[in-house]
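Right, one structure below, let's go through it.
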Amino acid sequence: METKLIQTNDPADPRLQEVGRILRRGGLAAIPTETVYGLAANAFDEEAVRGIFAAKGRPADNPLIVHISAFSQWAPLVQAIPDRAKLLAERFWPGPLTVILPKSDRIGPVVSGGLHTVAVRFPSHPIARAVIDAAGVPLAAPSANTSGRPSPTNAQDVLEDLGGKIDAVVDAGPCSVGVESTVVSLCGDVPRLLRPGGVTPEMLQEVLGELEIDPAVYDKLQDGATAASPGMKYKHYAPAAQVVLLKGSFAQFCAYVAEHADADTFALCFAEEAGQLPVQTVTYGSANDSVSQAQRIFDALREVDRRGARRVFARLPAQDGLGLAVFNRLVRAAAFQIIEL
Ligand code: TXA
Ligand code: MG
């Protein structure tokens, strides 16, 4: 299949109507969002949604997020919208927040991965919203990467993984947040953070008052445990190179790298540190700026492979605010290998 590439930053671009038609008829299109690029299909067309799982090589029990472009599109997808869900939507939508609630019959078992719940998100990206409008239906969309690889934050990354497997890619340049949306479940008594992202735990707590952080945000799921979010049990975001996180000061990091590096070892460090290391470096943002770290992290994880790294020693990011989302992705990319210096 030839994948059509449409480059635009204009929500009124008539070619987006064509993308809408492709989606309504059961096709697959990758679209930009403020977080990462998503691989979209008509959420009401289970056959089309199966195509997403096939193109990505995604396990069937890992449910998809349904994307809407107006508040009114939410109610038909869920059993009810409780007050605390409304509060979150008023404060953070459109934006990088996904809310999980018990699903309605409109959501089939393929989208929901067999669960009784559905994850919904109202993205802020003008092109994402224009494509959902053009399709005229909510769009199921996971990140537009091959399952297990780092998420794509630009159209080239999408084409690298999915070129030839999907109908179209809409290219609107790099994503502004750089990590996927925050996922919150409102299905239990206490709201539960399942995945950290652009909306931080502090911001959620301010609106909700109470918030539990799922242990899988920080740690590897214990063998045999059931994942609250099925996506968290799979190997994730990983480059082909082996990634090891080093916990300690920059001086300790330099000393460790100098002692243990061989010819194929890279350092994944902060921009201001790059010149001070005895090996090749890839950088992910600035040391005290988690916004820039989030924007760079997935691209950096792809870059280590492009440059032929076999092993990567990575600096540990701070874990507050947006830093928690960066840490969450990096620790998965490292298969939870952290060395304390
Ligand atoms: O920012 C984002 O959320 C991006 C863009 C494209 O919108 N999408 C995205 O989708 O990251 P995906 O499929 O790569 O990640 C969705 C995560 C997975 O970990 C999945 O297991 C979880 O959300 N999830 C989806 N529906 C769920 C549900 N009903 N219950 C629990 N977890 C759910
Ligand atoms: Mg993903």
Side-chain angles (χ1 to χ4, degrees), residues 29-41 43 49 52-53 55-69 77-79 92-104 107-125 127-129 131-132 138-153 157-158 161-162 170 175-188 192-199 214 216-217 221 226-238 294 298 301 325 328-329 332-333:
I31 59 171
T33 82
E34 69 277 21
T35 56
V36 301
Y37 276 71
L39 177 58
V49 174
I52 291 178
F53 286 87
K56 282 180 59 86
R58 183 178 176 105
D61 68 350
N62 193 4
L64 306 181
I65 297 173
V66 178
H67 295 67
I68 58 175
S69 57
L77 308 176
V78 294
Q79 305 245 324
F92 300 114
W93 280 359
L97 177 70
T98 295
V99 177
I100 299 177
L101 287 169
K103 74 176 188 69
S104 74
I107 297 295
V110 181
V111 173
S112 68
L115 299 177
H116 294 104
T117 56
V118 64
V120 178
R121 163 160 132 76
F122 182 169
S124 64
H125 198 296
I127 299 295
R129 294 167 67 172
V131 173
I132 302 167
L139 298 178
S143 49
N145 52 289
T146 298
S147 206
R149 294 209 69 208
S151 296
T153 51
D157 291 350
V158 175
D161 284 14
L162 301 176
V170 182
C175 301
S176 59
V177 178
V179 292
E180 305 92 333
S181 62
T182 303
V183 178
V184 181
S185 171
L186 297 181
C187 299
R192 201 173 181 82
L193 177 71
L194 302 185
R195 182 176 72 182
V199 174
D214 197 277
V217 166
L221 203 66
T226 307
S229 183
M232 289 191 292
K233 71 184 177 204
Y234 296 109
K235 181 182 166 208
H236 233 132
Y237 313 121
F298 283 133
L301 288 170
N328 173 271
R329 307 313 188 266
R332 279 169 175 71

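Just follow the structure's listing: the first ligand is 1, and inside any ligand the first atom is 1. Both backbone and side-chain heavy atoms feed into the values below; hydrogens, waters and symmetry mates do not.
- Distance check, rounded to the nearest 0.5 Å: CG of L101 to NE2 of H116 gives 15.0 Å.
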Worksheet item: Given the rule in the side-chain contact (heavy atoms from CB on, under 4.5 Å) test, do T117 and S185 qualify, once you have shown the distances and angles that lead to the verdict?
Response: CA-CA 9 Å; T117 56; S185 171; over 6 Å; no
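- Selection from I65, V120, L101, T35 by nearest heavy atom to atom 16 (C) of ligand 1 gives I65.
- Between R195 and ligand 1, a contact under 3.5 Å exists for at least one N or O pair.
- Using a 4.0 angstrom heavy-atom cutoff, A141 counts as in contact with ligand 1.
- The CD1 atom of I127 sits 10.0 Å away from the CD1 atom of I31 when rounded to the nearest 0.5 Å.
- When only interatomic distances are considered, the shortest N/O to N/O separation between E180 and ligand 1 does not fall below 3.5 Å.
- Numbered from 1 in the order shown, with element, the atoms of ligand 1 that lie under 4.0 Å from a heavy atom of N62 read 18 (C), 20 (C), 21 (O).
- A heavy-atom distance below 4.5 Å is not found between the side chains of D161 and P152.
- R329 and S151 form no side-chain donor-acceptor contact under 3.5 Å, judged by distance and modelled atom types alone.
- Inclusion of T33 in the set of residues having an N or O under 3.5 Å from an N or O of ligand 1 is not warranted.
- Distance CG/L64 to CD1/I52: 5.5 Å, rounded to 0.5 Å.
- Not a single N/O/S atom of S151, whether from backbone or side chain, sits less than 2.8 Å from the Mg ion (ligand 2).
- For ligand 1, the atoms closer than 4.0 angstrom to any heavy atom of G38 are 6 (C).
- Remark: ligand 1 atoms within the under-4.0 Å shell around heavy atoms of T117 are 28 (C), 29 (N), 30 (N).
- Listed for the Q79 side chain is a donor-acceptor partner under 3.5 Å among the backbone atoms of K103.
- If you look at R58 next to ligand 1, the close heavy atoms, those under 4.0 Å, all belong to the side chain.
- For R121 and T35, the side-chain atoms include at least one donor-acceptor pair closer than 3.5 Å.
- With a 4.0 Å heavy-atom cut-off, ligand 1 is reached by the side chain of R121 but not by its N, CA, C or O.
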